[in-house]
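Below is one structure; the comments refer to it alone.
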Amino acid sequence: MPDARLVAPNFITEIIEADLESGRVQQIVTRFPPEPNGFAHLGHTFACNLNYSLAADYNGVWVLRMDDTNPETEKLEYVNAIVHDLEWMGWKTQVQFASDDFQIMHDCAVQLIEKGLAYVESVSAEEMAKLRGTVDKSGQSSPFRDRSVAENLDLFKRMRRGEFLNGKHLLRAKIDLTSPNMKLRDPALYRILHAEHYRQGKQWCIYPLYDYAQAINDAINGVTHSLCSLEFIDNKAIYDWVLEHVEHPALKSRPYQYEFGRRSLEYTVVSKRKLRKLIESDSVAGWDDPRMPTIAAQRRRGITPEAIRSFAKGIGVSRTNRTVDIGALEFAVRDDLNTRSPRVMAVLKPFKVILENLEAPQNLKLSYYPPDVINVSSDGLVLHPNGTRVPPEQATRVVQLGKEIFIEQDDFLETPTAGFKRLTIGGKVRLRGAGIIECHQAIKNDAGEILELRCTIQPEGKAAGVIHWVNAQTGIPFEARLYDRLFTVPNPEQEAKLEEDDADFLMYLNPHSLEILKGIIEPSILEQPSITRYQFERNGYFWQDPIDSSTNALVFNRIIGLKDNWTTAKPEVGKEKNLKPQIQHKLELSPEEKTYLEQLTAQNISQAEAIVLARDSGLRSYLKQTKNPQLSSWVIQLGLRDTTQLEPNHLIAVVELVLSNKLSRNMAKDILEEAMTTHLNPLELIQSRGLEQNNDTSSLEPIIQAVITANPDKVTAYKNGRTGLIGFFVGETIKQSGGKANPQIVQELIKKQLEN
RNA sequence: AGGGAAAUAGCGUAAUUGGUAACGCAACAGCCUUUGAAGCUGCCAAAUCUGAGUUCGAGUCUCAGUUUCCCUUCCA
């Protein structure tokens, strides 16, 4: 494994490592199976990144497979877009197509029919839904469930030949109509659909459904670990069923499905339906509108694949659906851009300033990067707009200062507020890279609006702050598109659900998600590649819109603003945890169980244990045979139901050793568990291994002493009140004693030691 | 007569598998600063969903409960 892993350890890497170690697989194969019926978005990058990175981390193979089993919605256009987007993300591979394996899937279906495991259903869809039952009512079979194999074979052949209309028949797996898992109530395998497939043309008029296709395709692709989101967890049963009952030389692996929690992002929606609605309602300009969560949109906005990958990596993976703070994305984007974006000056809301004492224009040589960026560079070099890495002194451009300049409207206040660090009348401020200016007059029109500021400039001096500027003569006008969050609330979908009637998520659209400004920018940018991502100092990160911008009509997208600790409104007070009163409900026991419960508690057995015993006759009878109710916790924890697992005498004897301080409790548990699997005499095990507990203070003390002297920092921490560390000391001592030390004695000794 | 999954600082993820509750983001403070950015330093915050049990010791094991999410497409 490479030194820097792409995926932090998680529950999936744990499984993979176990499988690799046990030899279940030699090399892992993961896969990402998008359906080509829409554009890839941030949600996809999370899943794809996981699969890709896992394969990379474990030297495995990553497969990209188009899950194109539904000809009605899928298009070549989407295939191309998805592949293009994923390649842009840095995930490149030979693309596989589910539809290329239709023949294999068909043959396997025939096999299932032959085995009597699939049948042709012929009731209507509505009827079938009725027969399926509900979550708490079991399903019923239709009259067609018991058709003969021959008849099923014939019907399926005719389905394939195109003899029937859409929906007339359906191939179903014969599993279990009464299963509490709805997915297992004879799921559909194949449907009739007279539609042209974008890839297979009119070759097929029957198409496999998701559950069936997914399992077979994964096996064909040699997938070992098939990852999907949580909502498919019930489908796993079909997945396994299919793979257990189908045999075909093309099936290269026995894949297993594992589920991870989805990650949604605050202030966005990703469902295809909702994204389409945004476009149809003209809330955004299209799939690649930079406010959209699609990869195409993020790319157009100027966000880099590195930033998206770092974001995907940063949010990790777990078994819970989670909503991620938008700040996490924003951090990843800024963090990425900070070191790669040359700084230039652009004014978004121009405000005229006359430098009265400036005789002639001056050409200033300004650095593209501030010292901090240079300092954090690993190679001491910085990225020049021309794409090469150069020494910092070479990363400069020339900026002209003239008599007439523009500054940012917000950088001047006639009546300054407290803490204002910019230009005021009579105040001084530094013009970035040019000197100190002092304002002595504001020229107003009749309406009292300020037209321009009259200032004087001096090379050095004290100033309230630093502001950016652009020379009026040489500056170039441009259009600035300032993008902001698309919604006003973090969870527009959830909010919409809370509303009555047909209220929908569109009512939470942020009316200011796009602001268009006419700005002015220093001309140096014209000499550099148009794809350069810049930081406009004090304004944020920008780049030219790849579609709408041209040399004659510059359009810059704001990729993301700078973090602003000055103007941002203080965040709303922390959401309070709603602590609801917890009501303990009476648990339901049969009258018989209740009687047992009473008997057991009468024998001084705790409520929690008594419940277990009352409901488990095996445990109960075993405990009875030990003739000692005090052994209840041993019987329960070891799951002793049968004397063949462990002779009651052995249990009694071992516990006796524990009670007489001759064996530690943990050791006893380990030995008993071992005895249960090996059927060896636990007493002999203890004897032969010399596991008697060490209660001898004098032999324990040196070990304790060693542990204490080896960890002086922890000793002081303990003495400073971190008493939780007692566990560390006890654990270490026991470990070093080979597990034989009496923990109680050890703990007492350590406490005594540490408190002196 | 339902089945399944989950719950750890404001957010996200960890915790040597029963032995120090940690990291990143956010927030806050200080330093630094020719970007109110960045950088550096510090700080706050969890009775690990609740209650009980076992244990010298529980985020981790057992039991009971609570809350949230998923499943009744011939979509995926």
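For clarity, every value in this text was computed on a predicted model and none was experimentally measured. Letters go in sequence order (proteins before strands), and every chain restarts at 1.
B/U17: glycosidic angle within 90° of 0, hence syn.
Relative to the six-membered ring of A/Trp204, A/Arg160 meets both conditions, a distance below 6.0 Å and an angle of at most 45° to the axis. Geometrically, A/Lys714 does not engage A/Phe729 in a cation-pi contact defined by less than 6.0 Å to the ring centre and at most 45° from the axis.
Separating the C1' atom of B/A46 from that of B/U13 is a span of 15 Å, rounded to the nearest Å. Taking the P atoms as reference points, B/A37 lies 12 Å from B/A29, given to the whole Å. Rounded to the nearest Å, the gap between the P atom of B/G12 and that of B/C49 is 14 Å. Remark: the separation of the C1' atoms in B/A14 and B/G51 is 27 Å, to the nearest Å. Spacing of P atoms, B/G57 relative to B/C44, comes out at 30 Å, to the nearest Å. Annotation: B/U67 and B/G53 have their C1' atoms spaced 23 Å apart (nearest Å). Taking the C1' atom of each, B/U48 and B/A15 are spaced 11 Å apart, rounded to whole Å. B/A45 and B/G2 have their C1' atoms separated by 42 Å, given to the nearest Å.
Between the P atom of B/G4 and the CD1 atom of A/Ile238 lies a distance of 16 Å, rounded to the nearest Å. In this entry the distance linking CD of A/Glu266 with P of B/C11 reads 10 Å, nearest Å. Counting to the nearest Å, the C1' atom of B/A27 and the CG atom of A/Asp325 are 11 Å from each other.
Nucleic acid contact class of A/Ile192 (heavy atoms, under 4.0 Å, all strands): none. Across all strands shown, A/Arg432 has heavy atoms under 4.0 Å from base atoms, whether or not it also approaches the sugar-phosphate. Base contact: A/Gln747 has a heavy atom under 4.0 Å from a base atom. Heavy atoms of A/Gly724 sit under 4.0 angstrom from primed sugar atoms or phosphate atoms, though from no base atom. At a threshold of 4.0 angstrom between heavy atoms, the contacts of A/Phe420 include nucleobase atoms, whether or not backbone atoms are also involved. Looking at heavy-atom distances under 4.0 Å, A/Glu35 makes contact with sugar-phosphate atoms alone, never a base. Contacts of A/Gly419 with the nucleic acid, taken as non-hydrogen atoms under 4.0 Å apart, include base atoms. Across all strands, A/Thr69 comes closer than 4.0 Å only to sugar-phosphate atoms, never to a base (heavy-atom distances). When heavy atoms are screened at a 4.0 angstrom cut-off, A/Asn70 is found touching the sugar-phosphate backbone but no base atom. Using a 4.0 Å heavy-atom criterion, one finds that A/Leu209 contacts the sugar-phosphate atoms exclusively. Using a 4.0 Å heavy-atom distance criterion, A/Lys183 is classed as a base contact. At a threshold of 4.0 angstrom between heavy atoms, the contacts of A/Tyr210 include nucleobase atoms, whether or not backbone atoms are also involved. Among the atoms of the strands shown, base atoms are found under 4.0 Å from some heavy atom of A/Glu14. Within the nucleic acid shown, A/Phe232 comes within 4.0 Å of at least one base atom, counting heavy atoms only.
When base pairs are accepted only as Watson-Crick or G-U wobble with both N-N or N-O distances under 3.5 Å, RNA chain B takes part in stems of 3 or more pairs at B:2-7 with B:66-71, B:10-13 with B:22-25, B:28-31 with B:39-42, B:49-53 with B:61-65.
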Walk me through whether A/Arg422 and A/Asp411 qualify under salt bridge (Lys or Arg N to Asp or Glu O under 4.0 Å). CA-CA 6 Å; A/Arg422 310 173 199 176; A/Asp411 284 342; 3.2 Å; yes
Please assess A/Glu17 against A/Arg5 for the test salt bridge (Lys or Arg N to Asp or Glu O under 4.0 Å), listing each intermediate value before the final yes or no. CA-CA 14 Å; A/Glu17 280 167 26; A/Arg5 30 194 313 170; 3.8 Å; yes
Going through the distances and angles, do A/Arg132 and A/Asp186 end up as a salt bridge (Lys or Arg N to Asp or Glu O under 4.0 Å)? CA-CA 9 Å; A/Arg132 187 169 4 243; A/Asp186 285 12; over 6 Å; no
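A distance below 6.0 Å separates the ring centres of A/Tyr190 and A/Tyr212.
When each of A/Glu732 and A/Ile315 is assigned the nucleotide of RNA chain B bearing its nearest heavy atom, the one mapping closer to the 5' terminus is A/Ile315. Closest-nucleotide positions on RNA chain B for A/Asp211 and A/Pro370 were compared, and the one nearer the 5' end corresponds to A/Pro370.
For A/Ser138, counting side-chain heavy atoms from C-beta on, the closest listed nucleotide (B/A1, B/G53, B/C25) is B/A1. Comparing B/U73, B/G4, B/U13 against the side chain of A/Arg263 picks out B/U13 as the nearest.
For A/Asp372 against B/A37, a side-chain N or O and a base N or O form a donor-acceptor pair under 3.5 Å. In this model, no side-chain donor or acceptor of A/Arg538 finds a partner on the base of B/G36 within 3.5 Å. Interface remark: the A/Gln535 side chain does form a donor-acceptor pair with the B/U35 base, using a distance-only criterion of under 3.5 Å. In this model, a side-chain donor or acceptor of A/Asn666 finds a partner on the base of B/G57 within 3.5 Å. Contact of A/Arg665 with B/U55 (side chain to base): no donor-acceptor pair of N or O atoms is detected under 3.5 Å.
For the atom pair A/Ser341 OG and A/Tyr369 OH, the distance stands at 6.5 Å (nearest 0.5 Å).
In plain terms, the two heavy atoms of A/Thr601 and A/Ala610 that are nearest each other are CG2-CB, 3.8 Å.
The aromatic rings of A/Phe32 and A/His44 stand perpendicular to each other, their planes meeting at an angle above 60°, with 30° marking the opposite boundary.
Annotation: side chain of A/Asn217 is in contact with side chain of A/Arg65 (closest heavy-atom distance under 4.5 Å).
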